[in-house]
Amino acid sequence: MEKNSRIYVAGHRGLVGSAIVRNLKQKGYTNLIYKTHSELDLTNQAAVRKFFKQEKPEYVFLAAAKVGGINANNKYPADFIFQNLEIQNNVIGASFDFNVKKLLFLGSSCIYPKMCPQPINEEYLLSGYLESTNEAYALAKISGLKMCQFFKRQYGANFISCMPTNLYGPNDNFDLNSSHVMPALIRKFYEAKVNDQSYVEVWGSGKPLREFLHVDDMADGCVFLMENYDGEQHMNIGTGKEVTIAELAETIKDIVGFEGEIKFNTDKLDGTPRKLLDISKLESLGWKYKIELREGIKATYKWFKENYMFS
Ligand code: GFB
């Protein structure tokens, strides 16, 4: 990938896409192409093909998706599977038909079976039942990952995939009904502090374990893979470290400076008990994360206070 290569970042305003744009610019890539959702609806195949024909991207980061936390995934499975398959098929299909040199497809660690050995090795894919709360999203992402592998195997297309652990950072979704746990708790503890509330409600038992990777590390890993990896095997990306939701809540409570109580609402779902990724394959290529969890949460909280527009 040359510094003036035509690089399309699909989903450039989202959590991951915006971080990839920042990372590419920092590394001196000057010819970035992106379109807002209103300029280009990726669920519209004709519009996507017209865009690829006109813009002729050489490299594609497919970071656009319909995403959400446990609550959104559990409530809207048809939307999650249908819209993500539409987006993936349109972008991967157009990338093949318009001779894109390389495409990086982004998925998620929820593609792995609910109960599989930890840490989760890439080979465990499809070895057991999926977690029910995000089965729809997981099936879409598994299909995208496999589609890239099959285009590489059948046609020699250089389409690769990366499966990240739970991500967080600037430009995340802080809506309390559709967000992931990290932005949700940052907002909940912030609002509890400024409104002098007596407690913050945390969903579930607090017992599930989660791994968190800052999105700037995720973006750096994606650009590293685009620059250095051409294999058929999908690649896990994470930190290899996990915390319980209760520990996460205590950390965010401390960083925000909230002095009230934490209450666990066990009527809410826990979801997958653990999903710690085995990141040894990516580490063997020479890439490792940099941003530790506490430092990343402090930076995200600072961004949140300075940028979030409460709806
Ligand atoms: O981040 P999260 O929504 O998604 O939930 P998953 C992680 C854990 O945090 C669950 C708990 O056990 C939640 O019950 N939690 C506690 C909360 N308080 C809250 C809260 O206020 N909001 C939220 N959202 N969670 C997602 C998948 O699973 O992981 C997606 O559904 C994707 O498809 C994403 O794969 C990376 O980590 O459980």
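Both ligands and their constituent atoms are indexed starting at 1 by order of listing.
Looking only at protein heavy atoms, the nearest one to atom 18 (N) of ligand 1 is Trp203 N, 2.9 Å. Looking only at heavy atoms of the protein, atom 33 (O) of ligand 1 is closest to Tyr137 CD2, 3.1 Å. Protein heavy atom in closest approach to atom 4 (O) of ligand 1: Ile70 N, 3.7 Å. The protein heavy atom nearest to atom 27 (C) of ligand 1 is Asn134 ND2, 3.4 Å. Among all non-hydrogen protein atoms, the one lying nearest atom 24 (N) of ligand 1 is Ser179 O, 2.9 Å. In this structure, the protein non-hydrogen atom closest to atom 34 (C) of ligand 1 is His180 NE2, 3.3 Å.
For the pair Ser108 and ligand 1, the shortest N or O to N or O distance falls below 3.5 Å. Ligand 1 has no N or O atom lying under 3.5 Å from any N or O atom of Val202, backbone or side chain.
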*Step by step, work out the ring pair (Phe, Tyr, Trp, His ring centres under 6.0 Å) result for Phe105 and Phe159.*
CA-CA 7 Å; Phe105 174 71; Phe159 295 172; over 10 Å; no
_Working for ring pair (Phe, Tyr, Trp, His ring centres under 6.0 Å), residues Tyr168 and His214_ = CA-CA 5 Å; Tyr168 70 99; His214 192 282; 5.2 Å; yes
*Output, in order, the C-alpha distance, side-chain angles, deciding distance and verdict of ring pair (Phe, Tyr, Trp, His ring centres under 6.0 Å) for Phe151 and Phe96.*
CA-CA 8 Å; Phe151 267 89; Phe96 178 70; 5.0 Å; yes
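The closest heavy-atom contact to atom 13 (C) of ligand 1, among the options Leu167, Leu269, Ile245, Val181, comes from Leu269. Within the set Gly69, Gly68, Ala65, the minimum heavy-atom distance to atom 30 (C) of ligand 1 is found for Gly68. Of the candidates Leu248, Asn166, Asn71, Thr165, it is Asn166 that places a heavy atom closest to atom 37 (O) of ligand 1.
Numbered from 1 in the order shown, with element, the atoms of ligand 1 that lie under 4.0 Å from a heavy atom of Asn73 read 30 (C), 31 (O), 33 (O). For ligand 1, the atoms lying closer than 4.0 Å to a non-hydrogen atom of Ala184 are 20 (C), 21 (O), 22 (N). The distance from ligand 1 to the heavy atoms of Cys110 drops below 4.0 Å at these ligand atoms: 33 (O), 35 (O).
Relative to the ring axis of Tyr199, Lys263 places its NZ or CZ within 45° and under 6.0 Å from the centre. Cation-pi geometry between Lys66 and Phe80 is satisfied (NZ or CZ under 6.0 Å from the ring centre, within 45° of the ring normal). Geometrically, Lys3 engages Tyr29 in a cation-pi contact, judged by NZ or CZ lying under 6.0 Å from the ring centre and within 45° of the ring axis.
Under a 4.0 angstrom heavy-atom cut-off, Lys275 registers as being in contact with ligand 1. In this structure, Arg210 has a heavy atom closer than 4.0 Å to ligand 1. Between Ala249 and ligand 1 there is no heavy-atom distance shorter than 4.0 Å. Remark: distances from the non-hydrogen atoms of Lys188 to ligand 1 include one below 4.0 Å. At least one heavy atom of Asp270 sits less than 4.0 Å from an atom of ligand 1.
Glu2 and Ser5 form no side-chain donor-acceptor contact under 3.5 Å, judged by distance and modelled atom types alone. Counting only N and O atoms by type, the side chains of Tyr308 and Arg187 include a donor and acceptor under 3.5 Å apart. Between the side chains of Thr30 and Asn4, no donor N or O sits under 3.5 Å from an acceptor N or O.
In this view, Asp172 satisfies the salt bridge (charged side-chain N to carboxylate O under 4.0 Å, His left out) rule with no residue, not counting sequence neighbours. Judged as a side-chain contact (heavy atoms from CB on, under 4.5 Å), and not counting sequence neighbours, the contacts of Asn265 are Glu201, Asp267, Lys268.
Between Tyr59 and Tyr8, the ring center distance fails the sub-6.0 Å criterion.
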